[in-house]
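These notes concern the structure reproduced below.
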Amino acid sequence: MEMLNLYQNNYLIVFVFLCLGILLPVVALFLGKLLRPYKPYDSKYTTYESGLEPFGDSRVQFNVRYYIFALMFVIFDVETVFLYPWAVAYEKLGIFALIEMLIFVFMLIIGLIYAWKKKVLKWI
Amino acid sequence: MNFAYLSILVFSPLLGIIALLFVPKAKESVIKTVGFLATLPALVLSLMAFFQYRSGSSLDRLDEMVNWIQFGDPNRLGELFSIKYELGVDGFSLIMLLLTAILSTLAAIASMYIKKEWKGYFMLFLLLEVGMLGVFAAENLILFFIFFEITLIPTFFLIGKWGYFEKEKAAFSFLIYNGLGSAVLLIVIMVLFARTGTSNIEALTYILTSDTDHLVMSAGGKMGLLIAMLIAFGVKLPIFPLHSWMVRVHVQASPSVVMLHAGILLKIGAYGIIRFGMGIFPEQFQDLAVLIAVLGVVNLLYGAFLALVQTDFKMVLAYSSISHMGIVLIGLGALNEAGIQGAIFQVVSHGLIAALLFFLVGVFYERLQTSNIPNLGGLAKGMPITAGFLLAGAMASLGMPGMSGFVSEFMAFLGLFKEMPVLAAVGALGIILTAVYLLRAVLGITYGKAHREFAGITDLRGSEWVPAIVLIGIIVLIGVYPNVLTEPLTSALETIMLGIGG
Amino acid sequence: MSSVPLSAYLALGLILFCIGLYGALTKKNIIIVLISIELMLNAANINLVAFSKFGVMPSITGQIFALFVMAVAAAEVAVGVAILIALYRNRNTVNIDEVNTLKH
Amino acid sequence: MVEDLLHSQPGILNFGIFFLLATVLLLVILGFVTYAILAERKVMGFMQLRQGPNQVGGRWGLLQTVADVLKLLLKEDTIPKLADKPLFILAPVIAFAPSFIVIAAIPFTDKLQFADLNIGLLYYIAISGLTTIGMVTGGWASNNKYALLGGMRAAAQMISYEIPLVMSVLGIILLTGSLNLNDIVAAQENVWYILLQPIAFIVFIIASVAELNRVPFDLPESENELVAGFHVEYSGFRWAFFMLAEYVYMFAMASLTTVLFLGGWLPLFSFLDFIPGAVWFALKFMFVVFLLIWFRSTFPRIRADKLMEFAWKILLPIALANIFLTAIIKEILKLF
Amino acid sequence: MDLETLLSFKWSIMTPEFIILGVITLLSLLDLFMAKSVNRKLLGWLGLAGILGALVALLTLMGNGPETILYDTFRLDSFAIAFKLLLLIGSALVFLIAISYEPKEGLTEYRGEFYYLFLAALLGAMMMSSSGDLITLFIGLELLSISSYILAGIRKKHSGSNESAMKYVVNGGISTSITIFGMSYVYGLTGTTNLLDMARHVITLADSQHIYLLGLAFFMIFVGLSFKVATAPFHMWAPDVYQGAPTPVTAFLSVVSKTAGFILIVRILMVIFYNIPTEGPGSMPLLIKVQDYIAFLAAATMIIGNVVALRQKNIKRLFAYSSIAQAGYLLVVVASMSAFLFDTLWFYLGAYLFMNLGAFAIIQLITQKTGSEDIAEFAGLYRKAPILAIAMAVFILSLAGIPGTAGFIGKLNIFMGALVVEPAHYVLVSIMIATTVVSYFYYFGVMVQMFFRPAANDEVKFKLPAGLGVVIGVCVFATILFGVAPNVALDFLQGNFNQFSDFFQ
């Protein structure tokens with residue numbers, strides 16, 4: 001029971017922080033609204049494009065590179081998901097875990113080499 | 001002795017197929033010769049077997065058995081669920097084998113009218129022969145089914161590729177009807193196999209006939225299987241509502257193919273009903289006898305009436321086949337020795353007669369490009385010999401004494417009169433109709449008004465004589481001396497009669 | 001031990017699963033379909049983790065299974081989006097109804 | 001007292017007390033941010049031989065940042081017509097909230113800590129990644145080419161450096177066998193991990209600078225390329241929150257570095273333990289912050305392609321190698 | 001776990017998997033580091049060598065009785081060996097087809113990947129067939145699925161290929177989720193993911209609510225898995241994917257992937273659900289109770305596959321429906337649950353492997369040559385290439401179940417299995433036979449094109465690539481051999497696998 005209380009309290013704190021983290025901007029922006037001037041005219045609300053008239057839609061199709069990096073992130077981040085419990089439990093698991101993880105990471109390194117050779121890692 | 005005698009007999013046409021592989025496809029005469037020669041070993045072997053049997057040696061020594069397929073664990077199941085490669089003949093099947101061999105040889109001769117792709121034609125032709133021979137030699141239901149199906153494919157191609165205008169449609173309707181028929185047959189066979197664990201015909205007969213307490217299968221189940229089997233073979237035979245494909249095939253396929261089709265393939269249906277329907281389910285068959293007889297009469301009359309109004313000679317022959325198959329059913333429905341003997345006689349005799357008539361159709365179609373009766377009028381003037389054979393064939397078909405048709409029809413009706421006189425009386429009407437339509441058609445062709453010039457048309461020549469002479473010879477032989485058939489059939493008939501308790 | 005019963009987790013899982021299934025079967029935008037599939041997988045994860053803690057026979061295996069499911073889901077969605085991009089380049093659409101040239 | 005509180009049944013009262021305490025911390029952090037900005041200006045001023053802020057703000061410019069904040073507060077707020085309004089408003093909140101939440105898990109001393117989570121490190125890493133979403137949202141919502149490009153770049157950069165960052169700490173986890181930050185500090189009783197894990201430290205510090213979007217990795221908001229990156233359309237207090245998030249992150253990251261590599265509140269030498277842990281922590285913390293400011297004034301900005309390739313081709317393999325080096329050395333040591 | 005335990009495992013039983021894994025690694029590295037100018041077909045031959053190596057390794061492992069390592073997660077029982085044999089042979093043939101694959105717009109850039117993705121998918125299938133644990137089973141399944149998704153879409157510039165891959169991913173994702181959701185319930189009620197442990201747990205279940213939940217789980221798992229084997233209700237993807245995917249991939253999906261799916265179904269169904277008593281311990285198993293449901297799906301699959309196939313003009317689409325129908329026949333085996341289940345499944349899958357792959361080899365040759373997938377492209381094939389036409393005829397006859405071919409014996413097996421049980425599945429068998437007859441229509445439609453129709457242009461000469469030649473030759477030989485002398489295969493099965501008696505050990 002003790003432990004459970006401790007556990008729940010700890011996460012209560014996290015929740016408090018979350019509330020506060022949201023509350024601060026909300027309150028501050030609300031206060032700012034009371035204080036700041038409001039004098040709208042059209043050209044204030046145009047999109048900024050270094051002083052020129054904005055042209056075209058800005059939500060253009062993006063270079064696929066961004067997406068590929070996102071994919072790489074997913075792959076390696078998921079890999080770390082497996083590495084974390086492994087690292088924590090390494091003491092207990094011993095050499096078996098090491099070998100197993102070596103194989104696992106070896107495969108991922110091949111993936112990295114693959115991406116490298118396929119020039120995926122090159123940013124233009 | 002006689003190691004693998006039957007196997008060699010059944011598979012001998014394969015030699016021809018192999019030989020044909022090495023013949024260039026343009027060499028027409030070589031291909032035709034090889035095709036013809038390849039049918040001979042089966043003919044010789046079956047003749048030898050026939051004469052040996054006539055001379056008193058037992059047919060059992062021809063039996064062959066080799067382990068073939070074993071389902072499940074052989075150590076646990078033993079003989080159960082094993083399918084063996086079993087060939088064997090009794091008098092009935094030996095006659096059918098002989099008939100097949102003879103007609104195949106003659107059809108190979110008649111194949112001289114084939115105009116294209118001889119190589120493919122003969123390969124399929126020989127494969128078809130293997131299937132037909134196998135069907136009659138199989139001692140095992142599954143093996144029987146396999147040969148049965150093997151006949152299907154070559155026939156499909158033979159009809160669809162070397163036939164007349166609507167050949168593909170005919171081929172497909174052949175395929176679907178017979179496919180459905182064989183599907184039903186397969187269900188029956190598999191149910192029997194799964195229930196009893198064997199597919200050997202003798203064993204099955206023994207198990208099912210001794211199963212009086214219905215331990216293996218309920219009476220209803222047996223009846224269901226028998227009906228299914230009748231449908232399956234009924235398609236092949238064909239029995240009245242299932243016949244439309246057959247007319248199409250007879251009209252569209254080339255004469256040599258129709259010779260085999262009308263001569264043998266239809267008879268497989270009759271063979272199946274007699275061997276398996278009567279053999280395996282005698283009790284249930286007795287319950288259905290009336291129905292079968294009625295169906296026979298319906299077939300007889302229906303075929304006859306329709307034949308009466310046809311203008312195409314091929315159509316007349318097609319409907320006449322339906323009509324004649326009715327006689328087989330009538331004989332079977334009688335359920336006595338005379339009836340069954342008549343049915344078997346009809347099977348053989350119609351095979352020969354139909355082959356003869358279709359061969360003759362081929363002869364004049366080759367020369368005149370028509371089989372329409374009015375267009376053929378006055379044939380006797382132009383082709384007197386052909387016309388003569390045609391007339392003889394028609395006489396045999398309508399049952400003129402002294403020819404095989406008479407013996408069979410007489411015996412079938414004799415049998416039926418004993419059991420169901422009223423029905424037989426109605427059926428006899430069919431005999432008269434047969435005479436009417438055949439004479440109408442044949443006389444129309446031979447003596448009718450000539451619509452055309454026959455100048456430059458030659459009569460029978462060269463090898464065309466062989467089928468005509470041989471067929472008419474056998475027809476007359478059976479008609480005059482029916483003992484050639486009755487003697488070999490005795491033991492087979494006895495077995496059947498024992499089953500149905502007659 | 002806990003005031004939240006197992007059935008509540010299972011109900012949550014089931015609801016999520018149904019929402020996902022509904023989305024996957026009815027939505028036109030392929031991205032949304034992929035997200036719906038993720039939703040279904042995560043519903044299964046909720047089940048697995050809930051069972052592993054409060055199940056009939058609690059064991060750690062469920063959580064391990066959930067980890068694997070996550071990894072697989074990541075791979076699957078990565079492949080899915082990659083294919084979607086290739087498709088978009090050829091067709092200029094992510095609408096599943098417009099992707100229908102493969103018909104007889 | 002806090003101990004009792006932590007062990008009591010959670011309820012509204014607990015919530016209230018925690019709320020008050022957290023507010024205090026928030027104020028401290030806001031104070032830190034205020035003066036960190038000033039310090040940054042001053043330090044950079046010194047390093048570049050210029051004067052830091054000196055015109056306004058009273059003595060040493062102490063009120064300079066305060067004035068800045070007031071100015072932002074009073075500035076007119078505009079949202080472009082073409083912007084996606086709800087997302088535009090939401091973005092700064094998404095960016096700021098995680099930066100504050102992560103601080104909950106950081107132990108300043110053995111007593112002074114808010115949430116003692118078993119998975120503290122994982123928690124930090126998981127939550128800190130969320131800020132990226134705020135940035136991308138801001139860039140997208142602005143509907144401005146610079147902003148969108150900046151947002152995408154920010155995302156690409158942050159996810160790329162997230163990997164080496166996450167992997168570099170694996171060495172520490174291997175040595176400690178726990179994800180609890182308290183345990184990690186306790187394990188540095190004898191020797192700090194900066195000595196045991198020098199490679200990890202280097203990778204970590206580089207990756208963290210990149211994560212903070214600071215020079216030399218400040219491409220997402222580089223003034224001369226993208227005007228200001230993802231927050232180009234933001235003004236007034238909305239903009240301020242992006243800035244705030246960045247500095248709060250700096251606070252959090254510096255704290256984390258202290259905890260992970262510099263022994264947290266532990267004294268430098270055991271005979272110095274009469275000095276309170278809080279002071280030690282503050283000293284080390286300030287050192288890290290100074291280091292970050294130092295970087296800013298000395299390094300030039302890296303080119304975008306170099307930046308990305310650096311993460312994947314150099315940092316990631318090194319981090320991976322470090323993990324296995326650690327594991328193998330550990331295995332070898334076990335043999336003796 | 002320490003080093004001793006680790007070394008005490010008999011790793012040798014994983015040799016085939018290790019070989020495949022090694023070859024995948026090798027191929028991917030070679031592909032990366034080989035010069036651009038080197039023809040990547042070399043990699044294909046290397047991969048083929050790997051598969052053959054694995055095959056040899058597998059054969060040497062035969063007859064050792066069941067072995068398990070890694071705490072029963074990997075098991076090598078006779079079931080695994082027998083079906084891995086099929087997977088490996090099928091893959092080897094697919095590889096030969098793939099080596100000869102030359103699409104119009106070229107595949108140069110991805111050819112290397114093409115090969116090792118096949119191997120990765122094969123590895124997944126092999127893991128599935130030998131895993132004794134839900135987790136590894138699932139991972140194997142996904143390795144197979146994900147590799148297949150990519151393979152289906154490997155022609156990046158070809159919009160049909162993209163589309164098929166997209167549909168495959170979406171359908172696959174949905175079905176995977178359903179399966180895994182079902183698995184989560186099974187796990188929840190047993191607390192373990194080890195299949196045999198699960199069986200031990202469920203056998204004692206008495207709570208009707210739990211049974212109910214397991215019933216639900218069964219439906220979910222089964223419906224989800226029906227995707228993999230392309231049976232109703234998850235067959236819709238098959239026509240589109242088969243049509244759009246590159247032909248070797250289609251061949252792979254229709255044979256290897258399907259085999260793997262049936263392996264999975266049998267494993268899960270037989271081990272878990274066969275042991276769930278419906279009304280307290282010792283009562284009728286759940287699987288028997290839901291037999292009718294499986295039978296219904298089998299019937300639906302056969303009817304849908306065969307009837308819809310009648311309308312198809314595209315040869316690959318036609319074969320897609322044909323393969324749906326074939327899957328329906330195989331489902332009849334599962335539904336009948338006779339004592340011959342394993343034998344029948346194995347034999348039919350084996351026969352199906354040869355006849356279908358042979359057909360696909362020819363389809364690839366023709367479609368590649370003519371650039372169209374219309375059935376009309378087969379017109380006059382007999383005139384142009386008689387041997388090819390006859391080979392195709394053999395495959396089609398076998399698919400249609402005509403005697404003399406392996407397909408017939410396979411069907412015979414299925415009928416017998418369905419009829420030998422009590423009560424016999426008369427209706428199911430009737431439907432199967434009736435739909436088989438329906439299938440004659442479209443199968444013979446292709447035959448009509450090949451033999452009866454004149455060719456559009458006679459000039460096209462077929463140059464048979466060596467790989468395809470070998471595939472066609474092997475497949476014709478095997479199709480006829482197993483049709484004429486099926487005891488070759490059946491005796492092998494009886495002699496080496498001891499009735500699969502170690503399946504439940």
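For clarity, every value in this text was computed on a predicted model and none was experimentally measured. Chain letters run A, B, ... following the sequence lines, proteins first and then strands; every chain starts at 1.
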Side chain / backbone / both / neither for B:Ile153 at chain E, heavy atoms under 4.5 Å
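Looking at B:Ile153, just its side chain touches chain E.
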B:Phe156 versus chain E, the contacting section by heavy-atom distance below 4.5 Å:
both
With sequence neighbours excluded, residues passing ring pair (Phe, Tyr, Trp, His ring centres under 6.0 Å) with B:Phe276:
B:Phe144
Measure distances from [X] to the heavy atoms of chain B and classify the residue's part below 4.5 Å as side chain, backbone, both or neither.
| X | value |
| --- | --- |
| E:Val488 | neither |
| E:Phe342 | neither |
| E:Leu397 | side chain |
| E:Val438 | neither |

Polar contacts chain E-chain B (donor-acceptor, d < 3.5 Å, no H, no angle):
residue	atom	partner	partner atom	Å
E:Arg383	NE	B:Glu117	OE2	3.4
E:Arg383	NH2	B:Glu117	OE2	2.8
E:Leu419	O	B:Arg195	NH2	2.6
E:Val421	O	B:Arg195	NH2	3.1
E:Glu422	OE1	B:Arg195	NH1	3.0
E:Phe451	O	B:Lys161	NZ	2.4
E:Arg453	NH1	B:Glu168	OE1	2.7
E:Arg453	NH1	B:Glu168	OE2	2.6
E:Arg453	NH2	B:Glu168	OE1	3.1
E:Val484	O	B:Trp68	NE1	2.5
E:Asn487	ND2	B:Trp68	O	3.1
E:Gln494	NE2	B:Gly72	O	2.8

Under 30°, 30 to 60°, or over 60°: which ring-plane class applies to E:Phe451 and B:Phe157, parallel, tilted or perpendicular?
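Geometry flag for B:Phe157 against E:Phe451: perpendicular rings.
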Partner set under side chain to side chain contact (heavy atoms under 4.5 Å, CB included) for E:Ala295, not counting sequence neighbours:
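Side chain to side chain contact (heavy atoms under 4.5 Å, CB included) check on E:Ala295 returns E:Ala335, E:Leu428.
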Does B:Ala183 have any side chain to side chain contact (heavy atoms under 4.5 Å, CB included) partners at least two apart in sequence or in another chain, and if so, which?
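Side chain to side chain contact (heavy atoms under 4.5 Å, CB included) check on B:Ala183 returns E:Ile433, E:Val437.
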Enter the distance from B:Ile83:CD1 to E:Leu490:CG here, rounded to the nearest 0.5 Å.
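So the CD1 of B:Ile83 and the CG of E:Leu490 are separated by 9.5 Å.
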Give the member of B:Ile189, B:Leu152, B:Ile142, B:Leu186 that has the highest number of heavy-atom pairs under 4.5 Å with chain E.
B:Leu186
